[in-house]
Amino acid sequence: MSETAPTRPPSAAPPQSALAKTYDPAAVEAPIYAMWESGGYFRPQARRPDGEPYCIIVPPPNVTGALHLGHALTTTIEDILIRWRRMLGDEALLLPGVDHAGIATQNVVEADIARQGLSRHDIGREAFLERVWEWVARYRGRIADQQRRLGMSCDWEREVFTLDAGPQQAVRSTFRDLHAGGKVYRGHRIINWCPSCRTALSDLEVEYVEEPGALWHVRYPFAAGGGESGGGGIVIATTRPETIPADVAVAVNPDDDRWREVVGRRVRVPTPGIERAIPIIADAAVEIGFGSGALKITPGHDMLDFEIGERHGLPAISVVDWDGTMTPESGPYEGLDRDVARERAAADLEAAGHLVETQPHEHSVGHCQRCDTVVEPLISNQWFVDVSELAAKAASVVREGEVRIVPERFAKVYLQWMDNIRPWCISRQLWWGHRIPAWYCLRCDGAGIQLSVPRSSLPEGGPGLEASPDGAHWSGSAAAIAAAGLPWDRIAALATDPTIGRDVTPIVAADDPAPDACERCGRGPLLQDPDVLDTWFSSGLWPHSTLGWPESNDDLARFYPGSVMETGYDILFFWVARMVMLGCHNMDGAPPFRTVYLHGLVRDAQGRKMSKSLGNGVDPLDVSDQYGTDALRFTLATGSSPGNDMRLTDERLQGSRNFVNKLWNGARFVLGELGDRVVAPRAAAGDPSLALEDRWILSRLAGLTAEADDLLGQFQIGEAGRRIADFLWGDFFDWYVEASKVRLRAGDDAPLGVLAHVLDQGLRLLHPFLPFATEAIWQRLRPHLAGEDGPALIIADYPRPGAGRDAAAERGFAGVQEVVRAIRQVRADRGVEAPRWIEAYVVAGPGGDGDALRDRAAVIETLARARPLRMVAARSEAPDEQVVTQVLDRAEVVLPLGGLVDLARERARLDKQIAEAEGHEARIEAKLANPGFTGKAPAPVVARERERLRELRQRLDGLRERRADLG
RNA sequence: GGGCGAUUAGCUCAGUUGGCUAGAGCGUCCGGUUCACAUCCGGGAGGUCGCAGGUUCAAGUCCUGCAUCGCCCACCA
């Protein structure tokens, strides 16, 4: 223990006279957690000279949310890794935080004030943000409390919120830097718009759902010159006839022979009342096979059309407004909701004779990820990040293996996305979030900035101003308002929710603080961009912003790049990809973490995704109340494998709870046997003074230790947990503890050291999985361990591989187990009453196997309830009348059971065993007769087969003899 | 349209450099109040590892094709 170790806190669990008979998580967990926290064990601390920094940044949950099972899974995996590395002596940091979750949180608070009949516009930006901060204050602590309940060993002193000053600074800094490099820009482009949230969305925030719709085939008549043509035209297919008024062209594929002739001609927009002729153009993006092969081009409301429009220098017309209703440009449909307009437009086309055909058509429709409203592609002035260069770097760090993704297959998905990345729309027309650090000069740009001011501040109005429908506001350009007599500084103060025109040039200052004068006119006033940034922009900076970037400091140097990023595969693009891009960018090409571990979804017992609408969501704390946190963690850890979904069932949780209870009771036994003794661990495998079972369990422990180390190192967390549990329950409790009782009951204390040692090591191995129960037990075991002065299991040394296996002991005890099982089998088969002792003969010749059996006869006796047990060297020394015989690999067991013996049944049993053994023998013989096998298979494999065959033949001889005896 | 995953005992799932006479838990059947534990102990039954080919001495594990279910991506008019 180094001198930096924290002082020993008062023990949370003083040794008691007796442990409760059943493990009670509710009584154990809280005091244990308090002990860890007050002991300062969550603070990173290297406890060995070559201890390395090991850092996991916790994915920040939404500040106003509650944890769900996905969080519990993340928590479990991260905490297992952190506890493991902490116990290895590394400087382990699990860094917690919460996310402001822009649109999600804003929607929650908006829904709340809507219950009072208010909208955010009613109360204004400042008052609204105050309300949100109230929510944050109310809920912020809840997440951390829930994480504590899950046993998460975070360094709480470092907890960060995305809207803390540090991360705010990081966001501004990054934005400015990307802007200076030309990677952040403002542009008038087509974006995904949610008419309900009233904000732009990124491509990722749109969820496409297959929905039934219709495909309307519409004839666009040829226009001759400027006038009417005499019939004919071109037929296009559309799912959105309401956008026809926004058409600016019809496109066909240049290689489409059907339409080659008409390219260059003009057609009339067929909507009644729209007198407009549009060109027929040729563009390779049009698919020849679809519909008639002709496509209407609507750059204002379709992503592909926007691109085609740009290629051909076509204008864009907007017919759907920001609230989802039709604009004046739509002609007859002005003011209608877009869905109503669709029906109306189709009917009008039919009435006008332009509708050729209507077919049902399944197609995917984009919905807002947050509110499920159908997203409207429309043209808007937004901020974008040109991520092409960032993505190239982010792809290369994964390709080059600098960042490893577990499971590996997700690297392919990640790379595919990176290689086809498009500009990222980062501005959101929300109030809650990181406000965009760009300003506009009212004086210079007044003509391009639209805003509304209360009529009270400008009673007379003026030219260019328009009264709002309720008459309470004037709206118009800032310049017009100034011309009407309102002073500039008053305008700036009133301008809470302005609209910034496309020709206005933003001012992005090089540094904090905010600019106070226009860099062009030297005066101002300046108006900050009203929009906020996509939540994921700040999330993308999380791995370095939480460590204090852009200030350089110790933490950043030590803990960046982080070791592991653990999260669900569902946010691979949203978050992981952005962290890699922005991390590499800000940190001189250094990616934010070395390994990405992706877990799957936690589903319910029926395999359904847990969701609010289904009402099948499970609160991890309820599970913890019912089964204990350890049981929940163990279930999540062992029931999941990287990248794969898992089902959480009560059966599994019960199984885990049972295991925790088993551990608790196994420990009760050991502690009870120890009494008040302090024992030196008997740890040396191969020590000839130890009994066979001692050497066996120590060898098994050595094997387990090596396996656990290997598996954890490969992120095979579930497999590691299962192996440790199997060892404890199977090898240790079922066999070693039972065998140890033989000597203990005889007054021989020798097993105590082994019991204490194996329990101690088992608790250490298991601690990352079951932190509470293992710590609670260990606190009671510690006083019995000579030389152990560590204050808590959480910072005790994790067992490291090194001790060798004892092959002889493993083989020897396997023989004991084989004999015990064989006797138990016969007892059960013949219906021998459980408490009854039966006479038994074990036939074993001289040699290692036989010696081991003779040596441990007392163990066999007790475990098989076979007394007297006679060890004999030859079959002839055992009776052969009215006996049941078990022929094993290393011995034969003869049980004189008198009247219980049924000869016919014995013959049948032996015949079956002989047949099975012969089948097996034939398979091995064939294998060994194959020169390909003996020639090409590795020598140890061949040797093992030979040995198997030898044992098998020996056993077959025995079986045949016994069969012959029975006639 | 492209990509990915799953398909192993009645159920839920492990099985990572091919060597398995394929495992676990639950369920099921038989038997148990042995002084750590009935949230337990002992014993049993139960699988042509989705289908068809291929590579290999050897395939649940690698390759190809197919089927069913699920997911992701795409500018599916």
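Letters A, B, ... are given to chains in the order of the sequence lines, protein chains preceding strands, and every chain is numbered from 1.
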Of the options [options], whose atoms approach the side-chain atoms of [X] most closely?
| X | options | result |
| --- | --- | --- |
| A/Arg948 | B/rU12, B/rG19, B/rU21 | B/rU21 |
| A/Asn661 | B/rG5, B/rG15, B/rU39 | B/rU39 |
| A/Leu215 | B/rC41, B/rG19, B/rA77 | B/rA77 |
| A/Glu210 | B/rU39, B/rC76, B/rU21 | B/rC76 |
| A/Gln825 | B/rG44, B/rA77, B/rA14 | B/rG44 |
| A/Asn644 | B/rG5, B/rC41, B/rU21 | B/rG5 |
| A/Asp734 | B/rG3, B/rA36, B/rG42 | B/rG42 |
| A/Phe573 | B/rC73, B/rG15, B/rU39 | B/rC73 |
| A/Arg409 | B/rA77, B/rC4, B/rG42 | B/rC4 |
| A/Glu287 | B/rG19, B/rA77, B/rG43 | B/rA77 |

Using only modelled atom types and a 3.5 angstrom limit, is any donor from either the side chain of [X] or the base of [N] paired with an acceptor on the other?
| X | N | result |
| --- | --- | --- |
| A/Lys21 | B/rA38 | no |
| A/Arg657 | B/rU39 | yes |
| A/Glu738 | B/rA36 | yes |

Using modelled atom types and a 3.5 Å cut-off, is there a donor and acceptor pairing between side-chain atoms of A/Arg865 and backbone atoms of A/Glu861? no

Under 3.5 Å, is there a donor-acceptor pair between the side chain of A/Asp645 and the main chain of A/Leu601? yes

Watson-Crick or G-U wobble partner for [N], using a 3.5 Å limit on both distances?
| N | result |
| --- | --- |
| B/rA6 | B/rU68 |
| B/rC20 | none |
| B/rU56 | none |
| B/rG25 | B/rC11 |
| B/rG46 | none |

Determine the Euclidean distance between corresponding [atom1] atoms of [M] and [N]; express it in Å to zero decimal places.
| N | M | atom1 | answer |
| --- | --- | --- | --- |
| B/rG3 | B/rC63 | P | 15 Å |
| B/rU21 | B/rA58 | C1' | 15 Å |
| B/rC69 | B/rC62 | P | 24 Å |
| B/rA36 | B/rA6 | P | 46 Å |
| B/rG50 | B/rU8 | P | 6 Å |
| B/rG15 | B/rU55 | P | 29 Å |
| B/rG60 | B/rG54 | P | 15 Å |
| B/rA67 | B/rG53 | C1' | 15 Å |

Earlier contact from the 5' end, RNA chain B, for A/Phe290 and A/Arg865: A/Arg865

Using heavy atoms to find the nearest nucleotide of RNA chain B for A/Arg240 and A/Val670 separately, return the residue whose nucleotide is more 5′. A/Val670

Interatomic distance, [X] [atom1] vs [N] [atom2] [rounded to whole Å]:
| X | N | atom1 | atom2 | value |
| --- | --- | --- | --- | --- |
| A/Leu648 | B/rC26 | CG | P | 16 Å |
| A/Glu707 | B/rG15 | CD | C1' | 13 Å |
| A/Leu415 | B/rG2 | CG | P | 20 Å |
| A/Asp302 | B/rC76 | CG | C1' | 11 Å |
| A/Glu947 | B/rU21 | CD | C1' | 15 Å |
| A/Leu956 | B/rU21 | CG | C1' | 13 Å |
| A/Trp664 | B/rU39 | CH2 | P | 17 Å |
| A/Phe659 | B/rA14 | CZ | C1' | 16 Å |

Crowded around A/Glu408 CD? As in, over 12 foreign heavy atoms under 6.0 Å? no

Applying side-chain contact (heavy atoms from CB on, under 4.5 Å) to A/Leu201 and A/Gln369, what does each step give before you reach the verdict? CA-CA 9 Å; A/Leu201 303 172; A/Gln369 187 194 39; over 6 Å; no

Any chance the side chains of A/Glu376 and A/His301 put a donor and an acceptor closer than 3.5 Å? yes

Taking it one step at a time, do A/Arg950 and A/Gln954 satisfy side-chain hydrogen bond (donor to acceptor under 3.5 Å, both in side chains)? CA-CA 6 Å; A/Arg950 196 188 59 76; A/Gln954 196 178 316; 3.3 Å; yes

